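Notes follow the structure.
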Amino acid sequence: MAEQKEMETMESQETENIETEETEDTPELPQEECGTDSPPGPEEAEETSDSSLDGSSEEESGEEQPSEEAQAEEKKGFFKKKEKKNKQEEKIAELTDRVQRQMAEFDNFRKRTEKEKAQMFEVGAKSVIEKILPVVDNFERGLSAVPEESKEDPFVQGMDKIYKQLMTELENLEVKPIEAVGAEFNPEFHNAVMQVESEEYESGFVAQELQRGYMYRDSVVRHSMVAVVQ
């Protein structure tokens, strides 16, 4: 029994020695490493913000500023672009003016051509009318020479109808006879071939028409041959 007690006491001493060694070997950890960090105070926050601002300002100040040569090149490029734009605007204005001039010239050419065509047509029409008028004169002479007793003849009536049809067609073409007898002499419409005495008309008036004159629209195709009172 005594031996058993001694063994128990020796084991208890060994365990105590082991515990004391473990406590001596483990160092004490600081408060920060124990996981109980406290939040920084206002002073510490201000210091961190100031340091961050100082860093950003240093970074900004550390950026390289463009050199004078680079600025001069930039200005030179700007003026070149402006000069190029001005030249383009001048070119556009020049082309616009040229197009407007060409359009005006073409419009004048078109009007001139239309006027020339109208004049050519009028000259051609007058030439044809001049060739038809002697036929009209022959109809008038022939019908005026028919005696009164033969005017009811079918042949004479047929010729009279042809004459009236011809005059109607000339009138539709704007061909009209010029008034002569009883009108004041006008050299633009009348051609005086002789002078006569007349109690019916005053001096300077047309007393007799020897050949009828005609107008085509506003121009004279043939002047009237007349006798004027002295």
Side-chain angles (χ1 to χ4, degrees), residues 91-230:
K91 190 68 176 178
I92 291 170
E94 182 182 355
L95 294 175
T96 303
D97 182 66
R98 186 181 299 176
V99 171
Q100 290 177 351
R101 288 177 181 274
Q102 289 180 352
M103 290 178 66
E105 289 178 0
F106 177 76
D107 190 37
N108 293 333
F109 171 76
R110 180 179 58 80
K111 291 179 180 178
R112 185 171 61 252
T113 304
E114 290 178 355
K115 187 176 180 180
E116 290 176 355
K117 286 181 180 179
Q119 290 176 352
M120 291 173 65
F121 177 80
E122 187 173 350
V123 170
K126 288 173 67 175
S127 177
V128 174
I129 292 167
E130 286 177 356
K131 293 178 180 179
I132 294 174
L133 290 180
V135 179
V136 176
D137 295 338
N138 292 330
F139 267 105
E140 290 176 351
R141 292 190 188 100
L143 292 173
S144 62
V146 175
E148 289 293 333
E149 61 273 9
S150 299
K151 287 185 178 180
E152 297 298 329
D153 189 272
F155 178 76
V156 176
Q157 290 182 355
M159 295 297 290
D160 185 57
K161 289 180 180 179
I162 294 172
Y163 168 73
K164 289 179 179 178
Q165 183 181 5
L166 179 60
M167 295 302 295
T168 301
E169 293 299 328
L170 289 175
E171 187 176 357
N172 292 334
L173 294 173
E174 300 184 37
V175 179
K176 297 179 180 180
I178 297 173
E179 295 182 1
V181 178
E184 187 177 2
F185 175 76
N186 187 348
E188 293 182 359
F189 304 106
H190 306 139
N191 183 17
V193 295
M194 59 184 299
Q195 291 182 345
V196 295
E197 294 181 359
S198 175
E199 295 179 357
E200 186 178 359
Y201 302 105
E202 298 178 357
S203 177
F205 281 79
V206 177
Q208 186 180 358
E209 185 180 49
L210 304 176
Q211 187 182 46
R212 183 174 295 178
Y214 291 90
M215 293 184 63
Y216 171 66
R217 295 181 178 177
D218 295 330
S219 60
V220 177
V221 178
R222 187 177 72 182
H223 290 77
S224 298
M225 295 176 65
V226 298
V228 183
V229 180
Q230 293 180 353

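Since this is a predicted model, take the numbers as computed values, not measurements. FYI, side chains are in, hydrogens and waters are out, and symmetry mates aren't considered; it's all heavy atoms of this structure.
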Extract all donor-acceptor atom pairs below 3.5 Å that involve side chains of residues 121-128 and protein atoms in other chains or at least two apart in sequence.
from	atom 1	to	atom 2	distance (Å)
Glu122	OE2	Ser219	OG	3.0

| query | Given Ile178 and His190, is the side-chain contact (heavy atoms from CB on, under 4.5 Å) satisfied, shown in steps? | reply | CA-CA 9 Å; Ile178 297 173; His190 306 139; 4.1 Å; yes
| query | Taking His223 for the side chain and Ala192 for the main chain, is one N or O donor matched with an acceptor at less than 3.5 Å? | reply | no
| Do you know the tightest heavy-atom contact between Leu143 and Val156? | CD2-O, 4.2 Å
| note | Across all chains, not counting sequence neighbours, the salt bridge (charged side-chain N to carboxylate O under 4.0 Å, His left out) partners of Glu174 are Arg217
| Should the heavy atoms of other residues, nucleotides or ligands under 6.0 Å from CD of Gln211 be counted, would the total exceed 12? | yes
| request: Count the heavy atoms belonging to other residues, nucleotides or ligands that lie under 6.0 Å from CD of Glu202, then report whether that count exceeds 12. | output: no
| Residues two or more places apart in sequence or in another chain: which of them pass salt bridge (charged side-chain N to carboxylate O under 4.0 Å, His left out) with Arg110? | Asp107, Glu114
| task | Over all heavy atoms of both residues, which pair between Gln208 and Leu210 is shortest? Give the atoms and the distance, please. | result | NE2-CD2, 3.6 Å
| Set of residues satisfying salt bridge (charged side-chain N to carboxylate O under 4.0 Å, His left out) with respect to Arg98, sequence neighbours excluded | Glu94
| Residues forming a salt bridge (charged side-chain N to carboxylate O under 4.0 Å, His left out) with Asp160, sequence neighbours excluded | Lys164
| field | Partner residues of Tyr163 under the side chain to side chain donor-acceptor pair (under 3.5 Å) criterion, sequence neighbours left out | value | Glu140
| said: With a sphere of 6.0 Å drawn around CG of Asp218, does it hold more than 12 non-hydrogen atoms of other residues, nucleotides or ligands? | reply: no
| For Gln119, does the CD atom sit with more than 12 other heavy atoms under 6.0 Å from it, leaving out its own atoms? | yes
| Nearest heavy-atom pair of Val196 and Met194: which atoms, and what distance? | CG1-CE, 3.7 Å
| task | Give a yes or no on whether Gln165 atom CD has more than 12 heavy-atom contacts from other residues, nucleotides or ligands under 6.0 Å away. | result | no
